[in-house]
Amino acid sequence: MSTDKEKSRIDQLRNLLQHYNHQYYNLSISEVSDFEYDLLLKELIDLENKNPDYFNPSSPSQRVGSDSNQEFEKEPHSFPMLSLDNTYSKEELFDFESRNKKLLPEDYQYICELKYDGASISLKYENGILTRALTRGDGTIGDNVTANVKTIKSIPLKLKGTDYPDEFEIRGEIFIPHDGFNEMNKIRKAAGEPEFANPRNTAAGSLKTLNTSIVASRPLDCFLYYMIGKNLPSNSHYDNMQLARDWGFKVPSIIQKCKDINEVIKFIEHWDTERKNLPYDIDGIVIKIDSLKQQKNLGMTAKSPRWATSFKFKADQVKTKLLSIDYQVGRTGAITPVANLEPVLLAGTTVKRASLHNSDQINLLDIRLNDYVFVEKGGEIIPKIVDIDKDLRTTKSKAVDYIKLCPECGTELIRLEGEAKHYCPNDTGCPPQIKGRIEHFISRKAMNIGAAEATVEALVDNGLIHDSADLYFLTKEDVLGLDRFAEKSANNLIESIEKSKEVPFHRVLFALGIRYVGETVAKTIALELKTIENIRKASTEQLTEIHEIGERIASGIIDYFKNDINIKIIDKLKISGVQLDIKEDSYQLYENKLNGQTFVISGTFEKYSRDELKELIVKYGGKNTGSISAKTNYLLAGENIGPSKLEKVKKLNIPVINEGDFINMIEE
Ligand code: IVH
């Protein structure tokens, strides 16, 4: 490439990456796969290195973060990072109380804390020195973000005093206070940079930013609320947190001992009104049993501890006018009505659109055009309409005439029995469905081909591919003919397609996008039927004989193979060398979810026989032993379990789980 051409490519890449960053960090929209983003960024960095005279401090190479999980080392947590049960109802807090009363013979006390709304972090200290900071990740494995965390001034790199354990972890929430957030946005606005949408996403995004100096410039802060380790100084969570403050941690001063749920409720009510005056965001209250010994006795389910719960405050609501409704056609042909609203400010962001879910939802709330609707933002990014203000209804209010034809291809919509959504049945001819199926096919958990949504769109629109199998017949020259593709990126795409031929059969089966065949179902069927031909020939009876496969899934599979277009896709995949039968040792298909943990099974069970449970433990990487010892991690208890076993686990503080808890552990 000539220098001039390189420079114009640099400009192009800078603009493109800036656009993707804005979409991702501010609007929470991913227009490209992480893979493609990284390739573009790498191309930019290479070209900038070759052209140092073209340096620009505001180039995306100088400031971008990336949520690309490939950039940070993944490490297992020493102790799983569980989430908390949550409730919006005070009645459920009384259920929490009754369970504690039943399971704990002695007195206990609660500790109430604020539930900070940021990004959780686990900090490891060895001999008083911060040695590791991991994000939550999936709770078992997190991203090592130590270098970034070290830039947060309120996190001590070296502890004060000497009375801390040699090794322990402390967990907390990284957040951005309102002042810092507003100030940061003011500066960005003045510099012509896009403003951040809200403190929580900005805190989480900052943690995953590659350039540490950028992280250092963000007003991040960290509250610590949970200590974990083998030799903690006190049996009281409260006391440990007070000690942690002496060691230099920022432990919130808002923390209260409560003797019963009535006192807890007083704390909740106080902070539900007072939270508006706090200088940072909270989204609820966390209630914990104080004694670590009692915490251990209560144990945990696969996802959350039984010794803690959280009460979530109701999300903020605003009222605005419903202007019109658009209908989006998804990958599977499912229709989602989306409301266009009169723009309104809600929890720091301007809301213009909201999901209406389906026609039932519209009927249930009796939503009409030009009505004033209440919009709420929960945990999810897209806000939803939760109610309407009938008092403000005028003669302009107009009933919604739900569409009957697909807005993309004109096919008559159908509604399957028992399903809330309407579908466009033209799955092989409706453009967004074709593109969507290809996007699903190439996604990371399926064939893992590195191509962006825009690339798929261009390939389809230029008539280069009509279905996912056509990808395997693309040439480099085809790709070079598309906008934005140069020699290197075209090579990368072709190589990535080639590499996908090694993807094992169960993922190929998932990639096909057969209705109701998700990742787990695909694994089960691949294991059982072994080849695509066997699956194609299988009858409903044969399919439903497979454990966990019901009529609905079976009919999804049968319908898929009834369609000639799909048969042609399979034929093309066969020719191209994609894996269409099972190769590996079947047990490798199961993830190592139980991670070597030892289980003792006792009693009788509802869903599985004891032998089936034993097999599942082994398949998912656990161990099964006959008798309880200090090495046992869980007692998997069914009905009619002997009292001596229960006594023994209690003595050894071994958590007791039931069949449901176990299924959650492997199915998570
Ligand atoms: S305790 C095993 N305390 O809420 C429980 N968590 O939904 C350990 N959070 O992942 C967590 N404020 O990120 C705890 N005062 C607080 C908290 C808190 C916010 C977050 C945390 C956790 C999530 C659970």
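Computed from heavy atoms alone, side chains included, the values below leave out hydrogens, waters and symmetry copies. When a residue number appears, it is its place in the shown sequence, counting from 1. First listed ligand is number 1; within each ligand, the first listed atom is number 1.
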Mind checking whether Trp307 and Tyr226 have parallel, tilted or perpendicular rings, split at 30° and 60°? tilted

Check [X] against ligand 1 and report side chain, backbone, both or neither, counting heavy atoms closer than 4.0 Å.
X      : value
Leu84  : both
Leu114 : backbone
Arg171 : neither

Is it true that the NZ or CZ of Lys250 lies under 6.0 Å from the centre of Phe223's six-membered ring and within 45 degrees of the ring axis? yes

Taking the non-hydrogen atoms of Pro305, is any one of them nearer than 4.0 angstrom to ligand 1? yes

Go through ligand 1 atom by atom and flag the ones less than 4.0 Å from a non-hydrogen atom of [X].
X      : value
Glu173 : 9 (N), 13 (O), 19 (C), 20 (C), 21 (C)
Tyr116 : 12 (N), 19 (C)
Ser120 : 10 (O), 13 (O)
Lys288 : 1 (S), 3 (N), 14 (C)

Side-chain donor-acceptor pair under 3.5 Å between [X] and [Y], yes or no?
X      : Y      : answer
Asn358 : Gln361 : no
Glu173 : Tyr225 : yes
Gln109 : Tyr238 : no

Tell me whether Arg136 has any N or O atom under 3.5 angstrom from an N or O of ligand 1. no

Give yes if a backbone or side-chain nitrogen or oxygen of Ser83 is under 3.5 Å from a nitrogen or oxygen of ligand 1, and no if not. no

Do Phe599 and Phe662 have their ring centres less than 6.0 Å from each other? yes

Please report whether the ring centroid of Tyr125 lies less than 6.0 Å from that of Tyr164. no

Considering only protein heavy atoms, which is closest to atom 23 (C) of ligand 1, and at what distance to one decimal place? Lys115 NZ, 4.0 Å

For the pair Phe96 and Phe94, evaluate ring pair (Phe, Tyr, Trp, His ring centres under 6.0 Å) and give the outcome as yes or no after the intermediate values. CA-CA 5 Å; Phe96 175 65; Phe94 286 104; over 10 Å; no

Given Tyr225, Phe79, Trp307, Tyr226, identify the one with the heavy atom nearest to atom 17 (C) of ligand 1. Tyr225

